[in-house]
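Just so you know, ligand 1 is whichever comes first in the structure, and atom 1 is the first atom listed for that ligand.
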Amino acid sequence: MYDIIGDIHGYHETLLSLLKKLGYKKINEHYQHTERKAIFVGDLVDRGPKIRETLQTVKAMVENNAAFAVMGNHEYNAICFNTLSNGRDSFLRPHSRRNINQHQATLDAFASYPEEWQNYLLWLKDLPLFIELEGLRVVHACWDASIITYFSNKLKGAVMDDDFLFRSAVPGSAEYKAVETLLKGYEVYLPPGFYYRDRDGNSRTKIRVKWWKSFENETYRSISLSNDTALPDSPIPHSKLHRFTSYAQHEKPVFFGHYWNTGKPELLKPNVCCVDYSLAKCEKLVAYRWNGEKELDNKYFIWQECVD
Ligand SMILES: [Mn+2]
């Protein structure tokens, strides 16, 4: 059975504490559990103090069958930041001030290990965009069934190939939409004139949508993942949500990270579980200890407060 573990963002000491709490032991140079496997929801890199060590630990677990991992938006961004476009005159992710800032902690961590970083990038590129196992699903941000069905048939093991990677950098392409949705989640624009500040202090005109809700009778504020009171409490037009599918009660449990939760870990629905509790702000690293149940239970959350 599986322990699904939230976004780590380089907070390696906290990761080790959580693994020990979950009963994983370091044997033959990697952490493992006799009866269980870990599943990492992505966002291993950026922001935190020990990104290189985090990659060492997680990669060794994945390569030795002690864990699975899916790709997060920070891994995807890192790959694009370091990949030249087909014309070779620019990078797939522009080296703008904002993009450099977001990636700076990783650049610093590998400043003296450029070859090692190149090797990690190859490994990160091999992480699947989603995982579907017998009784559960894992994705970094949002489980969109139609996108996942489409790319399950095109991508071997849900791993990006070069063709996918280059197309994904072109706004409007199916690959671009897949990355935006699966790794960053649904977003909608606020009415003209409205904006709010995210946790990095950047001003944003788009809100992240609680994609697992039914989308009936929602307002901009109630459907948004940010509880910012600057958001309008007016009904959100159906036209802004009709392209999304909500996550039905009969679907198998889905696990993801990405959303900067705070406070005590809590299920979003009996089959919808987010395990990101803002370790990137040194809050806590959360795992859900899954034993095959169709209906999840809050008592199976296990967490570690930040110790980095
Ligand atoms: Mn993320």
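Look at R204 and E187 and you find no salt bridge, because none of the NZ, NE, NH1 or NH2 atoms lies under 4.0 Å from a carboxylate O. Under 4.0 Å is where a charged nitrogen must lie from a carboxylate oxygen, and between K125 and D162 at least one such pair does.
For the Mn ion (ligand 1), the tally of protein N/O/S atoms lying closer than 2.8 Å stands at 4.
Qualifying salt bridge (charged side-chain N to carboxylate O under 4.0 Å, His left out) partners for E180, counting only residues two or more places apart in sequence or in other chains: K184. Annotation: side chain to side chain donor-acceptor pair (under 3.5 Å) contacts of H140 (sequence neighbours excluded): D43, N73, H258. Remark: H12 pairs with no residue by the ring pair (Phe, Tyr, Trp, His ring centres under 6.0 Å) rule, at least two apart or across chains.
Between W117 and H103, the ring planes are tilted. Angles from 30° to 60° get that label.
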